[in-house]
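Numbered from 1 within each chain, the chains take letters A, B, ... in sequence-line order.
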Number of protein chains: 4
Amino acid sequence: MTSASTAPADQDRKAPGRPRSARADEAIIDAVLDLLAEGLSADTMSIEAVAARAGVGKATIYRRWPNKDALIVDAVASMKGPVPVVRGESVRDDLIALLSRVGQSTDGRTAKVMSCLLPEIQRNTNMHGCYQSVIEPRRQVMRDVLERGVRTGVLRPDLDVELALSLLSGPVLLQSLLQWNPAVDSRDLATRVVDAVFAGIAGPAQR
Amino acid sequence: MTSASTAPADQDRKAPGRPRSARADEAIIDAVLDLLAEGLSADTMSIEAVAARAGVGKATIYRRWPNKDALIVDAVASMKGPVPVVRGESVRDDLIALLSRVGQSTDGRTAKVMSCLLPEIQRNTNMHGCYQSVIEPRRQVMRDVLERGVRTGVLRPDLDVELALSLLSGPVLLQSLLQWNPAVDSRDLATRVVDAVFAGIAGPAQR
Amino acid sequence: MTSASTAPADQDRKAPGRPRSARADEAIIDAVLDLLAEGLSADTMSIEAVAARAGVGKATIYRRWPNKDALIVDAVASMKGPVPVVRGESVRDDLIALLSRVGQSTDGRTAKVMSCLLPEIQRNTNMHGCYQSVIEPRRQVMRDVLERGVRTGVLRPDLDVELALSLLSGPVLLQSLLQWNPAVDSRDLATRVVDAVFAGIAGPAQR
Amino acid sequence: MTSASTAPADQDRKAPGRPRSARADEAIIDAVLDLLAEGLSADTMSIEAVAARAGVGKATIYRRWPNKDALIVDAVASMKGPVPVVRGESVRDDLIALLSRVGQSTDGRTAKVMSCLLPEIQRNTNMHGCYQSVIEPRRQVMRDVLERGVRTGVLRPDLDVELALSLLSGPVLLQSLLQWNPAVDSRDLATRVVDAVFAGIAGPAQR
DNA sequence: CGTTAATCGAGACGGTACGTCCTGTCTTCGG
DNA sequence: CCGAAGACAGGACGTACCGTCTCGATTAACG
């Protein structure tokens, strides 16, 4: 996933010279996440600070990533961990479980860092690769759940899956992005969103 | 609205010396919007570039705004124009009208600039004032429409208005933020979102 | 003399904007001379160290001089002080006086710094301006003395003045450049060189 | 002469392992001389460029020389070739012959490189070894010629040999160092210097 | 003939300095 | 007093080398 990963099977030829230090990779990624968690934005964070924190020369960073954006993309991607797996029984429970993970993580700093990712994407062309590696796989899991729901009749047969994807993830993402209310419980919000989207908001006069 | 605007009627005392040039104000705001429309982010945009584009000295900018963030907030706020007014007949039509305006504008550059605003808010404390002056008024208009819907029975009597606000604006904002599909028509998306949220996505097996 | 000297009479138009600080000029030159006197060579000396020592930003240095070489040339030139004036009575005494000053100065650091100048000249094209501003004026003084000697008959009527210039200054400069023997007294060496060049080294068998 | 030359007779123990490549030695020295001849100074020349030009790893250079200065000293020393031998008949002709070689060589690049040597000596302590191996032997040859001249009566009996050494070599070295006039013929200059120093420059009024 | 050990090329390592650019403040001038 | 122009101290940028190190692959002489 890391752009600098020297896939050993890419070519049978292995690279000459001293191999790159895995410890440096870790230290750099860790330093980026630390600094992001300390509240620095992607632009405020300086490469020099990353190098100092990681105990690494600047060149060691620039050897691996062409620019700060690529570095941050990789750092964030590494933090997200594996793509979640759903239980596959209840469509509603699966959706709640998936949405609960948005903007939350076992690791404390994940929550702070995650919201740095989306903003950069739309305004920074270099960040578009991030979408592919991080966001899209998770969207695909949710898409699968929705299609299963259509097949089993839990969801409307004429459902626009992409639209439903937006209906569900939009509100949750917006909350984590803008943190209008940081006290909101992630699981509780997810439950309320799923239920409301399932049932609709129309009243008696509408039907 | 401009934080530095020396409202002449604010005090009976008139300012001594040369009054500030209104032309400079306009030129500066215009330059900021131009640069944002050209794709620069709030951080990439340098004050020096704004000054050069506006044909103005840097001091003239710093005399009016304490820092770059405040300048951008004002620039974006000035661009959004007046708070929209709804027709007040059909709740559904009013919601569609409001959501259609998100991420779109008569002015071509508005669409590009708007999505620069939200990302900055949650990570930049200086930007929180922006929320108050730009976003919240528009949320209030939609909140009013939703409450009217509850009263008239078009919406559920037990509706959580804030949640409904998120359900409706989340998907639309997310689309404009991430521009997953730039070809999406703004009005069409708004219509589909409103209808889906009204009716819900649950299928026959669910009921 | 300073390349950055904003000659006020150069144009009747005076520069707009804030004028350059004379204190910064002095502080920078002083820092360069200090560092050179501490034994750093022209290459070992870093611009960053100069800026730190002078309490000045790097940009303030680069605004005045295009590169390190030009800075050093100016620093050394400023140190040499005014072109010496001879008494004009005895040709021999004038030559001894002029040669004594080579590689020596009342200021302690001058001696250490001076020898940094010549080596750079021949190998660094940027340094050629230094020759014009520092060395050549002093050569001209000695040239005048020699021509006076030819007119008064103290020196041969067919004397090649340029060659004599080399005969006299070569040995003295070489001593100061290479410091083969740092204990050599500057005035004593000058006296012995002048007398030997006057009389020649040929023995009885030669005449 | 090479400081790193593992004299095989130095110890009876011969080194185990793969012996050092003589081709690498040559290639490195050659690359240094090439780069110097291309106008790079001792400091401008980077070890990395030497390694690249020589087709050699950097470690192969650092295994042989402790630093750049030592490398350059050896490179220049190797270029100077053997100490010249004089014919021993005419003192004047021998001196002219010796001085003509200063700053000139059959090899085209020698002339360019030689003047890089002296400047470094006096300001770079690491270079002092260079004086011993290159310059002093040549000075000794000239010293012998001068002492022979004193014995045979061609030169003054009370001649200060060291001073005479400076009188003769100073002007010639200075010319090659500063290249005030690159068109000067080396042999012609030597002749004029020797004759002038022999005869002195004093005129009729002096005697 | 296989072991051993120093060599080779290549290049990554932690650093330092480069020269450029931008920030937010200041200092001058003319209007 | 305002406006423009621009200098100021500071600091991050991305590049280039430094001198050291770590690789796999040679390349001899020794056992």
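If you find the closest nucleotide of DNA chain E to B:M45 and to C:M45, the one lying nearer the 5' end belongs to C:M45. With the nearest nucleotide of DNA chain F identified for both C:T60 and C:G17, C:G17 has the one nearer the 5' end. Along DNA chain E, the nucleotide nearest to B:I47 and the one nearest to A:S21 differ in position, and the one closer to the 5' end is contacted by A:S21. Nearest-nucleotide positions on DNA chain F for B:V56 and C:A51 put B:V56 closer to the 5' end.
Summarising the geometry, the separation between CD on A:E26 and P on E:dC13 is reported as 13 Å, rounded to the nearest angstrom. One interatomic measurement links the two molecules: CZ of A:R64 to P of F:dT15, which rounds to 16 Å at whole-angstrom precision. Summarising the geometry, the separation between CH2 on C:W65 and P on E:dG19 is reported as 14 Å, rounded to the nearest angstrom. A straight line from CZ of D:R23 to C1' of F:dT26 spans 14 Å, rounded to a whole angstrom. In this structure, A:D69 atom CG and F:dG14 atom C1' are separated by 14 Å, rounded to whole Å. As a whole-Å value, the separation of D:R20 CZ from F:dT26 C1' is 16 Å. Atom pair D:E48:CD and E:dA10:C1' shows a separation of 12 Å (rounding to whole Å applied). Atom-to-atom, CZ of C:R63 to P of F:dG10 comes out at 13 Å; the value is rounded to the nearest Å.
Side-chain contact between D:D74 and D:V32 is absent, with no heavy atoms from C-beta onward closer than 4.5 Å. Using a 4.5 Å cut-off on side-chain heavy atoms (C-beta onward), C:R53 and C:E38 make contact. At least one side-chain heavy atom of C:I47 sits less than 4.5 Å from a side-chain heavy atom of C:Y62.
Taking all atoms of both residues into account, the shortest heavy-atom contact from D:A75 to D:L33 is O-CD2, 3.6 Å.
Across all strands shown, A:A59 has heavy atoms under 4.0 Å from base atoms, whether or not it also approaches the sugar-phosphate.
Not one side-chain nitrogen or oxygen of D:R18 sits closer than 4.0 Å to the OP1 or OP2 atom of E:dT3.
Counting atom types as modelled, B:K58 pairs no side-chain N or O with a base atom of F:dG6 as donor and acceptor under 3.5 Å. Contact of B:K68 with E:dG24 (side chain to base): no donor-acceptor pair of N or O atoms is detected under 3.5 Å.
By the 4.0 Å N-to-carboxylate-O rule, B:R64 lies close enough to B:D25 to be salt-bridged with it.
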